[in-house]
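Excluded from the calculations below are hydrogen atoms, water molecules and symmetry mates; all remaining heavy atoms, backbone and side chain alike, are included. In what follows, every chain begins at residue 1, and chains take the letters A, B, ... in the order their sequences are listed. None of these values were measured; they are calculated from a predicted model.
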Amino acid sequence: MYVLVTYDIQTTTAAGRRRLRQAARACLDFGQRVQLSVFELKVDPARWAQCRARLLGIIDPAVDSVRFYHLGSNWESRVEHHGVQTGFDIEGPLII
Amino acid sequence: MKTHLNTLYITTQGTYLGKSGESVQVRAEGKVLAQLPLHNLEGVVCFGRVGCSPSLLGACAERGVSVSLLTQHGRFLAAVRGNTSGNVLLRRQQYRLADRPEVALDVARRIVLAKVANSRSVLLRAARDCVAGDAARLDTLRREGGRLAASAPGLREATTIDQVRGLEGEAATHYFGAFDALLSPSASAEAFRFTGRSRRPPLDRINALLSFLYTLVLHDARSACESVGLDPCVGFLHADRPGKPALALDLMEEFRAFVADRLAFSLINRRQVSADGFEVRENGAVLMNDATRKAVLAAYQQRKRETLAHPFLEEQTTVGMLVHLQALLLARWIRGDLDAYPPFLWKG
């Protein structure tokens, strides 16, 4: 399944910037970065549970927020992109 | 149930693959070209001068991601793998069965029958797609298709493995004899004429294309054997030789025509590869250039995503999963859960 993860993390304090880095690292372990704090994850339900728990453990619910959008398996028809391309299709041919 | 995961191909020379958290980071000249989570991959194939960090290789081995190192032109050099997966009892049973000539004969016969049947389906499918006006092509395809069908009784009655191999060779002669007719006339300029199979090095464009595609299928067949816990080096049809992945080669026979040959011809017929996408060396060797190699890789990955119904399991699956499913059926037969190995038969 495909999940879109976005977050807002307060960066006014050193601890906040640390949480920001940790959240980005957690997302990169499971998916790709498509915009600065927007990640697309192709995960199975078990891995999604892991990722979700890890992110929820990182953020500070008093000042930060994180949003999960479940795009399901038919995600291609639900995503439209314009402008510079930063991501890749994890299900398409991966040739570098 | 295993799902069909993606394979990462690195063809850019001078890239370096590192591990970053749980993902592969592809770097070149100090820039990050891509970062992909390991759990989305089932294999990494590196062409030529590509570096891999030891920690990435370790992580791949641990997670069952196969890493293959190939020369820039696609010749297999080495593969990195971790602990042999699966069960030692299964592997012991595999060795025992491979040592029994009558059992090896039975499997070899099944595999070759499927290979011949699939080659025939490819010819007949091409005959059906053939435009009515092209009588000579149609005739060749139908005639050689008929000859392939005629080799089935001989195969069923073969009593030694050498007989099976002989009949396989004979069938291959007929099949390759009709190979030229698979090309649609407009595209079959002299450049892609097929005169016979040549390897190490391939001496014409078709052979360069075929050899490359076979290497890709072999990489997949080898990982399939390993992922179900079978030893890829102990086969039934192919004889044991140090370093030769005999079982992976056995497994591949059913797919040569259906996956690799058909893809080679549709690439030419659809003009996705052209004659100037190849370079001819002084010794007569014909090699693909980088653009062609990338086009072929992209087409192969695309083909692997196509779905079809598996004739034996009667389930929808992708072309990329087929070789894993056949490895699984082979393991089930070795384990004794199936009475015989059911090879893959394409219903063209």
Side-chain angles (χ1 to χ4, degrees), chain A residues 1-5 7 18-55 57-58 68 70-77 79 81 84-96, chain B residues 1-17 19-28 31-48 50 59 63 65 216 272 290-306 318 320:
Chain A
M1 62 185 192
Y2 233 73
V3 185
L4 185 77
V5 175
Y7 50 70
R18 183 183 149 84
R19 291 199 302 279
L20 184 76
R21 281 197 303 277
Q22 283 178 337
R25 208 171 295 148
C27 288
L28 279 175
D29 279 353
F30 294 90
Q32 65 161 324
R33 180 170 229 150
V34 286
Q35 285 177 348
L36 282 180
S37 49
V38 180
F39 294 80
E40 280 176 12
L41 281 53
K42 189 196 167 207
V43 281
D44 53 38
R47 229 176 274 277
W48 171 241
Q50 274 176 21
C51 175
R52 185 175 175 275
R54 190 160 146 200
L55 280 167
I58 291 168
F68 305 134
H70 297 269
L71 296 173
S73 49
N74 260 331
W75 62 274
E76 283 104 332
S77 56
V79 180
H81 182 93
V84 284
Q85 191 73 42
T86 50
F88 47 82
D89 175 6
I90 190 73
E91 290 173 325
L94 297 173
I95 303 162
I96 295 163
Chain B
M1 181 63 197
K2 194 175 162 12
T3 47
H4 172 206
L5 299 175
N6 218 330
T7 308
L8 172 66
Y9 296 96
I10 310 289
T11 62
T12 310
Q13 300 301 295
T15 40
Y16 188 77
L17 309 182
K19 176 172 171 282
S20 164
E22 291 295 296
S23 58
V24 195
Q25 206 175 51
V26 186
R27 290 192 293 261
K31 270 187 297 192
V32 175
L33 299 180
Q35 184 161 355
L36 302 144
L38 278 171
H39 69 83
N40 290 137
L41 299 176
E42 69 177 23
V44 179
V45 183
C46 304
F47 289 89
V50 176
R63 287 165 188 75
V65 179
L216 298 181
Q272 282 167 286
D290 288 344
T292 307
R293 201 171 302 119
K294 276 191 185 171
V296 175
L297 284 173
Y300 179 64
Q301 283 300 98
Q302 214 64 52
R303 171 61 57 91
K304 287 211 292 188
R305 289 179 65 189
E306 282 171 19
T318 58

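Partners of A:Asp29 by side chain to side chain donor-acceptor pair (under 3.5 Å), not counting sequence neighbours, listed by chain and number: A:Arg54. Checked against side-chain contact (heavy atoms from CB on, under 4.5 Å), A:Leu55 has the following partners two or more places apart in sequence or in another chain: A:Val5, A:Ala23, A:Ala26, A:Cys27, A:Cys51, A:Phe68.
Neither the backbone nor the side chain of B:Leu38 comes within contact range of chain A; no heavy atoms are under 4.5 Å apart. Looking at B:Leu33, the atoms closer than 4.5 Å to chain A (heavy atoms on both sides) all sit in the side chain, from C-beta outward.
The distance from atom NE2 of B:His39 to atom CG of A:Leu41, rounded to the nearest 0.5 Å, is 6.5 Å.
Within 6.0 Å of CZ in A:Arg18 there are 12 or fewer heavy atoms belonging to other residues, nucleotides or ligands. Within a 6.0 Å sphere centred on CZ of A:Arg52, other residues, nucleotides and ligands contribute 12 heavy atoms or fewer.
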